[in-house]
Amino acid sequence: MASLKPVRGTHDLLPEEARRAYHVTQVGRMLAERYGYDEAATPIFEFSEVFTRTLGETSDVVTKEMYTFTDKGGDSITLRPEGTAGIARALISGGLSQNLPLKLFYAGPMFRYERPQRGRLRQFHQIGVELLGVADPVGDVEVIALGAAVLDELGLQENTKLEINTLGNTESRSAYRNVLIEYFGDHWENLSPDSQARLKRNPLRILDSKDEGDRRIVAGAPIFDDSLDSESQDFFAEVCAGLEILEINWYRNPRLVRGLDYYCHTAFEFTTEALGAQSAVLAGGRYDGLVEQMGGASTPGVGWASGIERLSMLIDDIPPRRRPFAIVPLGNAAEEFCLKLTNRLRRAGLIVDLSYRGKMKQRMKRANHLNARAAIIIGDDELEQSSATVRDLDSGEQELVSLNDLQHRLENFL
RNA sequence: GUGGCUGUAGCUCAGCUGGUUAGAGCACCUGAUUGUGGUUCAGGGGGUCGAGGGUUCAAAUCCCUUCAGCCACCCCA
């Protein structure tokens, strides 16, 4: 065995971290429900073609980031690097195209073989939504509004800003692509090696380069808007207008592009400066060509995904753990009695801890450690009187309570 | 995948240019307190000094390799 360490880029969710992740997920789930989205879950692995055919053969995800293996049946299987492709596949194989529009929420692990960094893991978790079957810009607006609501609910409106851009329809994008190839081709020698490679695979990416030399060339590059046809322009204008109506602040970022081939029209990212190089906390866009490209009927779609770990790092306080009651039995007779009592109170819906062993002092200490609201002390004296000593652990006051009134008395603590 | 920084107790860190049994605070355990926690006091447990190799009489300390984390690139959640 190599060692008892987690595999690089993976991370245990121990209780404290797990509670943060749970809270983030619950906020997403609750708001998605409010916007009319149903939760769905697809497998965490798919046939590799599901990703290679939809993400684009030349995308970074496909060329170097996928966890791919051959299973015992000889099939090439890939751990999902993102959630949309699986949802699209399920739409087709589950015959869900009869139920459009479809509004789905999902949460779960994703896998990408990348060099880990703060906010970048090899196994990470996302929440996300997909709106399928809505070609109208109002769909984009709803999806973005839901994303904004999630961030607001998590208290992140101050730390994030919304950047949006349009990639136009297929015709506009390929027209722009050609213009860019021509322009950057003329500056080939002066481009960074990274950008020279990008020119072949995805010229739009050069716009986003951080290389100084590249930036000077980019400054003189043709503007996307000049290549947008009227349909693309109208679409984008309607999305922006919708955001204005909802009073969602946004910034146009003409350099915002997407690595995945299936995106068109709207691209957006809620970004933060608190996570170093990993600035995107919730990002998505429109992908009208995806389902068709996968072999289904042409189905428009728009959605986003958000990294749970990234959100967890940004939020301050999460709702505190609910406080238990601690049962403290003293003596053998009480021990047996309390086993039953504890079970009864738990079944009645109370959060109850029964310490397994130890002297009274140790059990009281444990009660304190658990942040218990009160300790219920039962020894021979109490048993004789069919009652329990209830000690309020905040005030230190305690009183004798009849067992008949105990549940009621405890409920009044909450 | 490329470049840089870091790696000592569960956590945060000290340990000077190599020199006896590697320290502190917090946390944990025990006792003072035989049916009373959170405060205080006294005591205690816990470390392959990330791992492997090398130099040396002697390595946490110097060198090499490796693993992991962090930072930037790349890419994005």
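Letters go in sequence order (proteins before strands), and every chain restarts at 1.
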Taking only side-chain nitrogens and oxygens of [X], does any of them come within less than 4.0 Å of OP1 or OP2 of [N]?
X      : N      : result
A:R258 : B:rA77 : yes
A:Q362 : B:rU30 : yes
A:R120 : B:rC70 : no
A:Q117 : B:rG69 : no
A:K210 : B:rC73 : yes
A:K359 : B:rG31 : yes
A:R205 : B:rC76 : yes
A:K361 : B:rU36 : no
A:R8   : B:rG69 : yes

(request) Let me know, please, whether A:I308 or A:A367 comes out on the 5' side of the other along RNA chain B by nearest nucleotide. (result) A:A367

At 4.0 Å (heavy atoms only), tell me whether [X] reaches a base, stays on the sugar-phosphate, or touches nothing.
X      : result
A:L121 : base
A:A283 : sugar-phosphate
A:E382 : base
A:I127 : nothing
A:D211 : nothing
A:R363 : nothing
A:G9   : sugar-phosphate
A:G331 : nothing
A:E309 : nothing
A:G396 : base

(request) Check the pair A:E17 / A:S312 against side-chain contact (heavy atoms from CB on, under 4.5 Å), numbers first and verdict last. (result) CA-CA 8 Å; A:E17 254 324 289; A:S312 292; 4.2 Å; yes

Can you tell me, in whole Å, how much space there is between the [atom1] of [N] and that of [M]?
N      : M      : atom1 : value
B:rU12 : B:rC28 : C1'   : 16 Å
B:rA22 : B:rU66 : P     : 31 Å
B:rG3  : B:rU8  : P     : 24 Å
B:rG7  : B:rU33 : C1'   : 44 Å
B:rG45 : B:rG31 : P     : 16 Å
B:rC63 : B:rU40 : P     : 44 Å
B:rG1  : B:rU20 : C1'   : 48 Å
B:rA59 : B:rG15 : C1'   : 14 Å

(message) Among B:rC73, B:rU36, B:rC71, which nucleotide has an atom closest to any side-chain atom of A:R118?
(response) B:rC71

(request) Please tell me which of the listed nucleotides, B:rC67, B:rG35, B:rC76, lies nearest to the side chain of A:D381? (result) B:rG35

Over 60° means perpendicular and under 30° means parallel, so classify the ring planes of [Y] and [X], tilted if in between.
X      : Y      : answer
A:H187 : A:Y183 : tilted
A:F224 : A:Y176 : parallel
A:F235 : A:H265 : parallel

Rounded interatomic separation in angstrom, taking [atom1] from [X] and [atom2] from [N]:
X      : N      : atom1 : atom2 : result
A:N368 : B:rA27 : CG    : C1'   : 14 Å
A:H369 : B:rU39 : NE2   : P     : 13 Å
A:K365 : B:rG35 : NZ    : C1'   : 17 Å

(message) Salt bridge or not between A:R286 and A:D140? Use side-chain N to carboxylate O under 4.0 Å.
(response) yes

(message) Salt bridge check, A:D214 against A:R216: does any charged N sit closer than 4.0 Å to a carboxylate O?
(response) no

(request) Give a yes or no on whether the backbone of A:S195 and the side-chain of A:S192 come within a donor-acceptor separation of less than 3.5 Å. (result) yes

(request) Provide the Watson-Crick or G-U wobble partner of B:rU17, both distances under 3.5 Å; none if there is no partner. (result) none

